[in-house]
Amino acid sequence: MERCDVLGACSEEPEQLTRPFASDAMRRVHEHVAAWMRESDLAVRRDNIGNLRGRYESATGEGSTLLIGSHLDSVRGAGKYDGPLGVMVALAAVQRLHDKGARLPFAIEVVGFADEEGLRYGTPYLGSRALAGEFDLADLELADAKGVTMAEAITSFGGDAKRLADDRWAEGELLGYVEVHIEQGPVLEARDKPVGVVSAIAGQSRHSLTFTGVAAHAGTTPMDSRKDALVAASMFVQAVEGYAGSHKGLVATVGQLAVRPGAANVVPGEVTLSLDVRHADNDIRLLASERLIDIAQEIANHRSIALTNNLISQNPTVPCSPGPTALLARAVEAVGYPSLKLASGAGHDAAVMAGLTEVAMLFVRCKGGISHHPDESVTEEDVAVAIDVLGKFLELQAASL
Ligand code: GLV
Ligand code: MN
Ligand code: MN
């Protein structure tokens with residue numbers, strides 16, 4: 001818990017926690033986490049994309065590897081547990097082994113992923129996509145709000161953007177990937193359980209839409225001859241809420257809006273906005289995304305405004321793997337709790353890692369289900385349960401080999 005406080009203070013903004021991919025705040029986080037890893041005799045390295053990886057060797061120095069981790073980046077105005085808690089719980093479980101002088105028949109690699117939220121470049125999962133060998137090299141050309149390309153950001157963070165393919169796991173057989181994460185929803189609290197086992201991770205689509213009208217003088221341009229891009233965008237924002245609200249299980253969000261030129265006395269000429277669409281069923285999500293883009297086009301046509309749509313990223317719904325998930329459920333029961341199963345509406349690195357290896361996830365109860373907000377909160381008791389469960393999982397995994 002103290003370590004999460006320390007990491008939570010590493011931010012790009014003084015008033016709130018904002019820790020984007022390859023930022024100075026991330027550099028400070030790496031210094032802390034690498035030092036804690038070394039205390040438990042983990043061999044630490046950073047790969048090209050900027051994942052921090054700490055390896056705890058097996059008893060023989062050979063055999064397969066279990067990956068355990070989560071992400072170290074954050075959204076804007078974040079809480080301090082979304083991501084870092086999973087890395088700290090992994091570290092705590094390994095620290096217990098180290099303190100007992102115990103080595104397992106398999107190696108453990110604790111991974112602090114470089115980017116899961118996609119705050120800086122809009123595309124999520126940069127870290128896990130590199131490790132899973134699914135990184136899209138075209139993303140290297142994307143620019144952040146200041147015009148810095150992803151390739152430049154990687155280079156200045158110390159990675160080699162030309163060698164991202166080297167980040168793909170190539171260190172031998174994998175036992176799987178396990179991630180501990182706060183639930184970010186209300187189920188565990190409502191069911192009065194400290195932890196739960198994740199059944200599946202809901203898919204998501206992210207689009208960037210630009211409405212282009214004509215910037216004009218706010219004092220001299222009559223109301224009936226304007227092509228105000230922001231009015232069109234605003235109508236779309238309302239339509240998104242209405243559409244998602246009337247389709248069960250669908251959530252859709254406009255979370256970013258850039259208004260240009262952005263002056264009080266200028267009619268907005270151009271608006272770029274983000275659209276995030278999610279549903280547990282892939283077909284429903286894809287259909288909803290298509291329909292929402294159609295609605296945007298209808299609004300634009302009606303107001304004689306141009307519209308462009310870019311698909312930024314798309315991830316299908318991913319079921320967690322039966323083997324390690326059953327083992328995790330056994331670990332929860334062995335620690336003394338019923339193994340409640342629940343689905344994740346939020347995205348997680350595990351969804352991408354499922355393309356590389358088997359995955360399992362443990363959720364930890366969080367207060368009020370609040371997340372992506374500074375009020376994110378977990379109790380020390382629940383975190384202790386999560387560390388016990390992960391420790392038990394390692395024991396069961398070792399016994400099953
Ligand atoms: C990550 O937190 C996401 O679900 O967007
Ligand atoms: Mn998040
Ligand atoms: Mn997260």
Side-chain angles (χ1 to χ4, degrees), residues 4 7-8 11 16-21 25-26 29 51-52 68-90 111-129 131 177-188 196 198 200-208 244 249-256 274-280 282 285 289 312-318 320 342-354 359 361-366 369-378 383 386:
C4 287
L7 302 185
S11 172
Q16 58 179 0
L17 172 52
T18 303
R19 193 164 55 240
F21 171 66
M26 183 62 89
V29 155
N51 296 320
L52 193 66
I68 317 177
S70 193
H71 59 100
L72 292 171
D73 67 316
S74 83
V75 293
R76 185 178 305 287
K80 55 192 173 195
Y81 301 107
D82 173 3
L85 180 70
V87 184
M88 294 305 102
V89 168
V111 188
F113 285 109
D115 168 286
E116 182 263 5
E117 306 284 8
L119 173 63
R120 186 164 179 183
Y121 289 101
T123 66
Y125 304 128
L126 297 181
S128 43
R129 282 199 276 135
L131 185 57
Y177 169 75
V178 182
E179 178 166 357
V180 177
H181 202 285
I182 57 165
E183 182 202 341
Q184 308 180 278
V187 176
L188 293 173
V198 179
I201 302 162
Q204 52 175 285
S205 303
R206 292 196 194 181
H207 295 255
S208 172
L250 182 69
V251 286
T253 307
V254 176
Q256 285 173 320
S274 61
L275 174 65
D276 176 307
V277 183
R278 306 188 192 203
H279 195 281
N282 290 319
R285 171 177 50 82
S289 302
I312 300 296
S313 69
Q314 191 145 252
N315 293 88
T317 292
V318 172
C320 290
L342 70 173
S344 174
H348 296 290
D349 292 300
V352 173
M353 293 300 285
V359 301
M361 280 194 81
L362 184 75
F363 271 172
V364 181
R365 165 168 56 190
C366 65
I370 295 168
S371 186
H372 285 184
H373 189 279
D375 289 349
E376 232 170 46
S377 144
V378 290
V383 172

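Side chains included, hydrogens not; waters and symmetry mates left out as well; all remaining heavy atoms used. One-based numbering, in listed order, for ligands and for the atoms of each.
- If you look at His348 next to ligand 1, there are no close heavy atoms at all, none under 4.0 Å.
- No side-chain heavy atom of His181 sits less than 4.5 Å from a side-chain heavy atom of Val364.
- In this structure, His348 has its ring center under 6.0 Å from that of Phe363.
- Residue Phe113 forms a side chain to side chain contact (heavy atoms under 4.5 Å, CB included) with just one option from Leu131, Leu72, Asp73, and that option is Leu131.
- At a cut-off of 3.5 Å, with distance as the only test, no side-chain donor of Ser274 or Arg206 sits close to an acceptor on the other residue.
- Because the distance cut-off is set at 2.8 Å, His348 fails to qualify as a neighbour of the Mn ion (ligand 3), as none of its N, O or S atoms comes that close.
- Minimum heavy-atom separation, Ala386 to Val180: CB-CG1, 4.3 Å.
- Interface atoms of ligand 1 facing Ala346, defined by a heavy-atom separation under 4.0 Å, are 4 (O).
- Numbered from 1 in the order shown, with element, the atoms of ligand 1 that lie under 4.0 Å from a heavy atom of Gly347 read 1 (C), 3 (C), 4 (O).
- If you put the vertex on the Mn ion (ligand 3), NE2 of His181 and NE2 of His71 sit 110° apart, to the nearest 10°.
- Atoms of ligand 1 found under 4.0 Å from any heavy atom of Glu116 (numbered from 1 in listed order, with element): 1 (C), 2 (O).
- Proximity to His372 (heavy-atom distance under 4.0 Å) selects the following atoms of ligand 1: 1 (C), 2 (O).
- A 4.5 Å side-chain heavy-atom check between Pro84 and Ser70 finds every atom pair outside the cut-off.
- The atom name of the N/O/S atom in Asp82 closest to the Mn ion (ligand 2) is OD2.
- Residue Glu117 approaches the Mn ion (ligand 2) most closely through its N/O/S atom OE2.
- Close approach to Arg278 involves these atoms of ligand 1, each under 4.0 Å from a residue heavy atom: 3 (C), 4 (O), 5 (O).
- By the 4.5 Å heavy-atom criterion applied to side chains, Glu376 and Cys366 are not counted as neighbours.
- Asp115 and His71 are not linked by any side-chain donor-acceptor pair at a separation below 3.5 angstrom, with hydrogens and angles left out of the test.
- Proximity of Arg206 to ligand 1 is established by a heavy-atom distance of less than 4.0 Å.
- The protein heavy-atom contact nearest to atom 1 (C) of ligand 1 is Glu117 OE1, 3.2 Å.
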